[in-house]
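Inspection log for the structure reproduced underneath, given as structure tokens.
Chain letters run A, B, ... following the sequence lines, proteins first, then strands; residues in each count from 1.
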Amino acid sequence: MRVYADNAATTAMSQVAIDAMLPYFDKIYGNPSSLHSVGQEAKEALDAARETVANCLGCEPREIIFTSGGSEADNQAIISAARYGQRKGKKHIISTAFEHHAVLHTLAKLEKEGFEVTYLDVRQGHNVTARQVKDAIRPDTCLVTTMYANNEIGSVLPIAEIGAICKEAGVPFHTDAVQAVGHLHINVKEQNIDMLSLSAHKFHGPKGVGALYVRRGFPLVNIIEGGAQERGKRAGTENLPGICGMAAAMKDACDHIDENMPRVAAMRDRLIAGLSQIPHSAVNGDLKNRLPGNVSFCFEGIEGESLLLLLDANGVCASSGSACTSGSLDPSHVLLAIGRVHDVAHGSLRLSLSEYNTDEEIDHILKVVPEVVQYLRSMSPVWRDLQSGKRQYIL
Amino acid sequence: MALYSEKVMDHFMHPRNVGVIEDASGVGEVGNAKCGDIMKIYLKVENDIIQDVKFETFGCGSAIASSSMATEMIKGKSIYEAMALTNKAVAEALDGLPAHKMHCSVLAEEAIHNALKDYFDRNNIPYDKSQFPDCEHCEHCE
């Protein structure tokens, strides 16, 4: 048995999405910018996809910009708001300490230019409150950018409340919703979201395609210059197969959200309950407001990369926030941001589920993970020291 | 898995010499939990020969494989041969390590050297102090 439990990294494409893409490789292959009939067929498909995506988010089709993915959308949203603010002398941005690097690195670039960024603390409840956002807003705040849901620990942020606060204060609100779209109910108008980033491959769509929703009238800055595609806001011939695959996957996900959410959440809860039995472990993330598919743990006395390799050998594909899996000496900034110390953050495990997972697969994970954790602890000098009292337990 | 060589995976999946020697003649430990790697080596030395060696490792796949390989390379050898073991030799014996994992082989070398130093200290055997790592001042974890 091989269980894929890394759906926050990427998902398998759905048959619906694959079927939706295929005609656009060799049958409807035109350039949507071409005037002739072949091009206009492609243009029709592009318009239809834009309408589908807009319907799923509760916005107008003209408010959707297709991008190469979530990272590009994040970059464009943040840079646009920063430039707009700058023109009005506003150079303060509010974000959180556990954002994705697509957001954090863009903010770091702006900080070098003289912008000031407030990173909201996420230690309390492994989440932020709308109150924290409200208290951080200043007269010179030009943007609030918080993720919709955290990719590593699954916390779902109070987006509607943050949106209401931003609207009242007149501050643009962007949310990186890469982990949320297709998994949670979203309506950008009701939630007062000004900009939202999404990525197709997180909901069984293709890789390399995403979208940015931008409230009508908000001045966007181009990241990619060139032709007049996407109302002049994103140059480059549209990735039509990808866009059509994304639209189909998004509609499929949004149409089935009410049946998928409880089923996936039930598997998640079974995993959390089962793995909590492992001594000296801790769940990461907000247990109440949580992505349906996210399970995140720290196990004391072991290291995440060896855990992942052994899980893989035993048929479980997962991920970790250990330093050895991040390619740096520091473990995940998300785990450190919620207050996990290095020693414990190295022993982290993320299992992320989708509706393709089965109860039998959950049984397999629940059998394998405790065995592998125990095996690695049996050869760990840290675990020996913890057990002998030479070292104090943290968890 | 393409991440590591077959040798690394073999030593990771089936590590040799895991465990503890209760009446060890020398024990060495390097690394710290903050970095995510700790290696502990136990030596049983008789007549300058390493009769037995065991290890415990908290760390990634290549750290466990490096410990396993390093213990195999010194078992049955003289303490002087063990002193000459380099991280490069450990990495080569594993058919190479990814560049960012080379420090795992360094830890294996240092853990063995620390265990030998402990043996020299316990038996009042003189040695050149400059030959031994100083974990307190190592830059790896900075």
| said: How long is the straight-line distance from CG of B:Leu3 back to CG of A:Leu308, given to the nearest 0.5 Å? | reply: 10.5 Å
| query | Which bit of B:Ile64 comes within less than 4.5 Å of chain A, counting heavy atoms only: side chain, backbone, both or neither? | reply | side chain
| request: Can you measure from CG (A:Asp385) to CZ (B:Phe58) and round to the nearest 0.5 angstrom? | output: 11.5 Å
| message | Looking at A:Glu111, I'd like to know if its CD atom is crowded, meaning that more than 12 non-hydrogen atoms belonging to other residues, nucleotides or ligands lie closer than 6.0 Å. | response | yes
| field | B:Phe12 to A:Ser306 - nearest heavy-atom pair and separation | value | CZ-O, 3.4 Å
| note | If one checks every heavy atom of B:Ser67 against chain A at 4.5 Å, the contacting part turns out to be neither
| said: With a sphere of 6.0 Å drawn around CZ of A:Arg123, does it hold more than 12 non-hydrogen atoms of other residues, nucleotides or ligands? | reply: no
| task | Please round to the nearest 0.5 Å and tell me the distance separating atom NE2 of A:His346 and atom SG of B:Cys60. | result | 10.5 Å
| message | List the residues meeting side chain to side chain donor-acceptor pair (under 3.5 Å) with A:His342, not counting sequence neighbours, and say none if there are none. | response | A:Asp330
| query | Between A:Glu303 and B:Gly36, which heavy-atom pair has the shortest distance, and what is it? | reply | CG-O, 3.6 Å
| task | Taking heavy atoms only and a threshold strictly under 4.5 Å, list by residue number the residues of residues 71-99 of chain B that touch chain A; give 'none' if the list is empty. | result | none
| note | Applying a strict 4.5 Å limit to non-hydrogen atoms, the region of A:Arg384 in contact with chain B is side chain
| task | Mind listing the closest non-hydrogen atom pair of B:Val18 and A:Met379 along with its distance? | result | CG1-CB, 3.6 Å
| field | Pairwise distance CE(B:Met9) to CG(A:Leu309) - rounded to 0.5 angstrom | value | 5.0 Å
| Of the listed residues (A:Ala345, A:Ser380, A:Pro381, A:Gly301), which shares the most heavy-atom pairs with chain B below a 4.5 Å separation? | A:Pro381
| Can you tell me if CD on B:Gln51 sees more than 12 non-hydrogen neighbours from other groups inside 6.0 Å? | yes
| message | Does atom CG (B:Asn123) have a neighbourhood of more than 12 heavy atoms from anything else shown, all under 6.0 Å? | response | yes
| query | Within the distance-only criterion (no hydrogens, no angle test), does the side chain of A:Glu305 pair as donor or acceptor with the backbone N or O of B:Gly61 below 3.5 angstrom? | reply | yes
